[in-house]
There are 2 protein chains.
Amino acid sequence: MARRADHTRDELTKLVLAAAREIVVEEGFRGLTTRKLAARIGYSAGSIYNVFHNIDALIIEIDASLLDELFEAVTSEPLPGGVEPALKALARRYVVFVQNNQNLWNLLFEHRLPPGEVLPDWYYPKLERLLAIVEERLRPLFDDSDAAAVGRSVRLLWAGVHGIASLAGTGKLKIISSDGAMELIDDLIDNYVAGVRANNRI
Amino acid sequence: MARRADHTRDELTKLVLAAAREIVVEEGFRGLTTRKLAARIGYSAGSIYNVFHNIDALIIEIDASLLDELFEAVTSEPLPGGVEPALKALARRYVVFVQNNQNLWNLLFEHRLPPGEVLPDWYYPKLERLLAIVEERLRPLFDDSDAAAVGRSVRLLWAGVHGIASLAGTGKLKIISSDGAMELIDDLIDNYVAGVRANNRI
DNA sequence: GATTGTAATTGAACGATGTTCAATATATTT
DNA sequence: AAATATATTGAACATCGTTCAATTACAATC
């Protein structure tokens with residue numbers, strides 16, 4: 001059989017992506033194989049390669065859509081005023097999103113590109129605009145001239161929250177129960193921001 | 001061929017472990033395969049399964065020895081006095097160790113057990129005694145009665161440093177240059193500890 | 001409408017992977 | 001010397017991602 005006209009190239013792309021997400025949601029990212037994917041959409045494994053260069057490219061696409069959805073989840077409602085409340089609300093939405101999308105989130109953070117491969121250029125802005133939300137709320141704590149310090153804080157908080165959520169999610173370190181993650185994050189924000197206030201006297 | 005007496009069971013175990021570490025150091029943890037491992041020690045792939053239940057068990061063993069070495073690296077010299085200097089020194093030794101053992105460290109934090117499998121009981125104390133070092137230095141910041149708060153801080157700082165080192169190491173988020181990781185960690189310690197001091201007034 | 005060109009789809013194949021296991025050969029015990 | 005136990009192997013199994021010649025349907029051209 002060849003050249004069915006069941007779907008356009010574009011439809012097929014979306015079909016593959018949707019089926020891949022389903023598999024990851026149901027079975028985790030170890031369950032995502034080309035043959036299972038092909039079976040689910042009623043095409044052959046080879047057809048996937050007509051639409052994606054390889055499985056890594058597929059995964060990157062899923063990751064990208066996840067980041068878009070995180071942005072959506074984090075910005076859909078207005079944030080409360082005040083630095084700490086805003087940051088805590090952001091972190092809470094982040095953690096809730098991660099918990100609601102555990103398997104997909106694991107895909108995003110546990111998947112490693114083969115050595116030498118790099119993420120496509122369009123990928124990074126999706127992250128940057130997430131960082132920008134944090135930066136906006138953090139800026140009042142710093143002197144206008146000290147843009148470097150703000151950038152540092154944003155990245156530090158992002159990495160910190162990621163570290164907590166990651167260790168809580170995998171349980172690998174047995175450090176943090178999933179419930180306790182939010183507690184730790186609140187602690188981090190409370191004390192870090194207090195420290196910044198104290199050290200910057202603003 | 002069968003039943004050579006080249007090595008005792010114990011020697012073979014150590015041979016396998018040593019060869020596995022070499023491979024990971026040289027090629028990253030994706031390079032670690034049973035056949036390559038077998039070839040390097042001059043045995044067949046099947047022999048590895050005489051000594052380790054499977055590859056995951058082997059990796060856990062490598063992880064464990066790495067944690068032991070980290071403990072060694074972190075405690076070999078006395079820490080400076082004062083909370084911030086001690087914590088920063090600890091973090092610095094941690095980061096240096098991670099940088100000096102990048103591929104092995106990636107193995108430790110990127111390897112995931114298959115769903116359902118759990119780490120053996122003897123694994124966790126190796127982590128706990130690392131956390132205990134941090135806790136010892138952090139305790140002066142807290143009221144004696146507030147043991148929960150100290151525990152939170154320890155785990156939070158550990159997860160935060162892990163998050164920073166992890167994102168710096170993988171470059172996946174393009175957030176942090178490897179050089180900048182230490183800067184972020186210092187920032188975290190400086191401001192977090194200042195915040196704890198301010199909030200606890202001790 | 002017939003001919004040509006283009007692009008999609010497949011199934012088989014390739015070289016890997018982790019793991020299992022009967023067969024075998026050596027040590028050890030009786 | 002015979003019997004038992006154990007270490008070792010190599011082939012086999014079921015996977016995996018990926019490639020590609022062959023096939024077929026559609027689109028463009030005449």
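Proteins get letters first, then strands, A, B, ... in listed order; numbering begins at 1 in each.
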Is the A:His162-A:Tyr94 ring centre distance short of 6.0 angstrom?
no

Let me know the distance between CZ of B:Arg35 and P of C:dT19, rounded to the nearest Å.
11 Å

Euclidean distance, atom OH of residue A:Tyr49 to atom P of C:dT10 [Å, nearest integer]:
14 Å

From CG of A:Leu37 over to P of D:dC16, roughly how many Å is that when rounded to an integer?
12 Å

Is there a side-chain contact between A:Thr34 and the phosphate of D:dG17, meaning an N or O under 4.0 Å from OP1 or OP2?
yes

Whole angstroms only, please: what is the OH-C1' distance between B:Tyr43 and D:dG10?
16 Å

Just to be sure I understand the rule, does A:Leu32 reach a base, reach only the sugar-phosphate, or reach nothing, if contact means heavy atoms closer than 4.0 Å?
sugar-phosphate

Could you check which of D:dT8, C:dT10, D:dT18 has an atom nearest any side-chain atom of A:Ser47?
C:dT10

What is the distance, rounded to the nearest whole Å, between atom CD1 of B:Ile48 and atom C1' of C:dT17?
13 Å

From C:dT19, C:dT9, D:dT18, nucleotide with atom closest to A:Ala45 side chain:
D:dT18

Closer than 3.5 angstrom, by distance alone: can the side chain of B:Arg152 be matched with the main-chain N or O of A:Leu184 as a donor-acceptor pair?
no

From CD1 of A:Ile23 over to P of D:dC16, roughly how many Å is that when rounded to an integer?
10 Å

Does A:Asn191 reach the main-chain N or O of A:Asp187 with its side chain, forming a donor-acceptor pair under 3.5 Å?
yes

Are B:Asp56 and B:His111 close enough that a side-chain donor and a side-chain acceptor fall under 3.5 Å?
yes

For the side chain of A:Thr33, starting at C-beta, report the closest nucleotide among C:dT9, C:dG18, D:dG17.
D:dG17

Atom-to-atom span, CZ of B:Arg9 to C1' of C:dA27 - whole angstrom
15 Å

Nearest-Å distance, NZ (B:Lys36) to P (C:dA16)?
10 Å

